[in-house]
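I have placed the structure first, in the form of structure tokens, so that the comments after it can refer back to it.
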Amino acid sequence: MSEQIPSYPACPFSGEPPPLPPGPVFRARLPGGDPVWVITGYDEVRTTLNHPFLGRDLTTDDPHMGAEAAMAGALRDRTLLLDGPPHAQLRRLAGRPLTPVRVAELRPGIRRLADRLLDDMAEAGPPEDLLVRLAFPLPLAVLCALLGVPERDGARFRQWADRMTAIDAATRDETLTALHMVFTYLTERLEEKRTRPGQDLLSAWLAAQEEDDRLTDSEIVQLAFSVLFAGYESTAAAIGACVYGLLRHPEQLEALRASPELAPNAVRELMRTQLATPYYRVLRARRDFALAGVTIKRGDGVMPLTWAAQRDPGRFPSGDVLDIRRAGAGVADFVFGHGRHACLGAALATTMVEVAVATLVRRFPALRPAVPLETLAWHTDRFPGGGLRELPVRW
């Protein structure tokens with residue numbers, strides 16, 4: 001058995017894409033010492049993420065697991081960690097206000113917000129950090145508005161999120177303090193919406209509570225936390241990574257400028273090739289089962305590598321090559337998860353990334369990096385994903 005995951009990088013796309021590890025299923029050890037089955041094939045990862053014999057595991061002794069384990073231990077109940085029928089019921093109720101139809105209705109407002117943010121960036125003049133000007137404020141403003149959280153409180157949430165997303169930099173106590181503050185804040189907002197409902201997610205979930213008493217106040221608060229925490233950080237990282245990919249491949253940027261209708265396909269291809277995470281999740285086998293010719297025993301750890309699956313040559317010929325015209329790029333569906341634990345806000349997150357990239361390319365046709373791209377630093381200490389530390393640009 002190997003001492004660590006072969007070719008597993010601390011930050012997968014901080015330069016050239018790493019070589020694919022052996023696969024589609026192989027045995028290895030995590031850096032913390034725990035043995036796992038590593039899953040890399042597209043079909044095998046897809047099966048793993050929705051397998052009935054696999055469940056979440058927050059006990060693996062590995063530094064990458066620290067932030068999630070700390071948060072899980074502090075949750076008032078384990079709503080966000082449910083599996084099986086209770087989890088499916090919760091997703092059905094929670095997902096009602098996040099349907100594709102509802103998300104489509106939000107697109108014009110997201111576009112206006114992106115234009116306003118880029119107006120401010122243009123007024124400030126180059127060079128500017130695109131993460132500060134667009135990637136972080138856009139999803140934060142959208143998600144706060146969606147939840148009915150005042151925009152003025154966004155800065156406070158960003159401070160809390162920065163503490164919670166640090167894997168190594170923040171101590172466990174800092175993570176738990178920030179988590180407590182977020183839950184307290186959202187509980188207060190929920191009480192406000194109970195007496196003064198609006199056109200927002202908290203109000204919609206409260207209405208669902210009246211229809212079905214299985215949606216508790218604690219569940220609503222945890223759902224709101226999940227939307228803010230996961231949606232904000234991952235969407236900001238995706239915007240930065242997609243723009244970085246276009247800047248690294250100017251011929252693809254020019255193709256998108258010439259054919260802006262390619263934006264939806266381009267974003268999916270960019271997310272397929274540019275997004276990966278230094279964090280990984282270990283699942284735990286509840287029963288013996290076979291996968292790709294190997295037998296996984298009850299109690300074994302199973303780790304699906306979604307970034308490897310997104311480059312599986314059997315699914316994506318020349319998978320390391322960025323091609324915004326690639327047929328079927330939209331089926332690279334692991335960026336926001338898959339199966340019963342897929343992100344409820346995946347459609348919204350994808351829409352925000354599409355709007356951000358398309359608006360940026362339209363507004364700044366001479367967009368270019370302000371520093372050599374190879375000098376940019378990537379986060380290796382962020383949960384749930386990595387992302388650029390900065391992205392200075394000129395236009």
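This is a predicted model, so every value here is computed, not measured.
For the atom pair CG of Asn265 and CG of Leu256, the computed distance is 10.5 Å after rounding to the nearest 0.5 Å. His51 contributes atom NE2, which lies 9.5 Å from atom CZ of Arg287 (distance to the nearest 0.5 angstrom). For the atom pair CG (Leu305) and CD1 (Ile39), the distance works out to 8.5 Å, reported to the nearest 0.5 Å. Within the model, atoms NE2 of His180 and OG1 of Thr184 stand 3.5 Å from one another, a figure rounded to the nearest 0.5 Å. Arg315 CZ to Arg272 CZ: the interatomic distance, rounded to the nearest 0.5 Å, is 11.0 Å. In this structure, Ile324 CD1 and Glu251 CD are separated by 9.0 Å, a value rounded to the nearest 0.5 Å.
Under the salt bridge (Lys or Arg N to Asp or Glu O under 4.0 Å) criterion, Glu188 pairs with no residue, sequence neighbours left out. Legend: residues meeting side-chain hydrogen bond (donor to acceptor under 3.5 Å, both in side chains) with Glu192, ordered by chain and number and at least two apart, are Arg189. Taking Glu254 as the reference, Arg257 meet the side-chain hydrogen bond (donor to acceptor under 3.5 Å, both in side chains) condition, with sequence neighbours excluded. With sequence neighbours left out, the salt bridge (Lys or Arg N to Asp or Glu O under 4.0 Å) criterion links Asp43 to no other residue. Checked against salt bridge (Lys or Arg N to Asp or Glu O under 4.0 Å), Asp115 has the following partners two or more places apart in sequence or in another chain: Arg362, Arg363. Scored by the side-chain hydrogen bond (donor to acceptor under 3.5 Å, both in side chains) test, Asp300 finds Trp37 as partners (sequence neighbours excluded).
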(message) One pair to check against salt bridge (charged side-chain N to carboxylate O under 4.0 Å, His left out): Asp200 and Lys193. What are the steps and the verdict?
(response) CA-CA 9 Å; Asp200 53 71; Lys193 296 300 177 182; 3.1 Å; yes
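Scanning all heavy atoms of the two residues, the minimum distance from Trp160 to Ala178 falls at O-CB, 3.7 Å. Shown here for Arg394 and Pro127, the closest heavy-atom pair between the two residues is NH1-CD, 3.8 Å. Of all heavy-atom pairs between Asp323 and Glu269, the closest is N-OE2, 3.0 Å. Residues Pro139 and Ile239 come closest through the heavy atom pair CD-CD1, 4.3 Å. Smallest separation of non-hydrogen atoms from Pro304 and Leu49: CG-CD2, 3.7 Å. Leu146 and Leu106 make their closest contact through CD1-CD1, 3.8 Å (heavy atoms, listed as atom of the first residue, atom of the second, distance).
Residue His249 forms a side chain to side chain contact (heavy atoms under 4.5 Å, CB included) with just one option from Val321, Leu270, Leu322, and that option is Leu322. Here the options are Thr40, Asp320, Thr273, the test is side chain to side chain contact (heavy atoms under 4.5 Å, CB included), and the partner is Arg311; only Asp320 passes.
Side chain to side chain, Arg158 and Tyr232 meet the donor-acceptor criterion of an N or O pair below 3.5 Å.
Taking the six-membered ring for Trp and thresholds of 30 and 60 degrees, Phe316 and Tyr42 have ring planes more than 60 degrees apart, a perpendicular arrangement.
Between Glu128 and Pro392, the closest side-chain pair of non-hydrogen atoms is not below 4.5 Å. You'll find the side chain of Leu376 stays beyond 4.5 Å of the side chain of Arg389, heavy atoms only. Two residues are said to be in side-chain contact when any heavy atoms from C-beta on lie closer than 4.5 Å; Leu360 and Val243 meet this criterion. Cys242 places a side-chain heavy atom less than 4.5 Å from the side chain of Val353.
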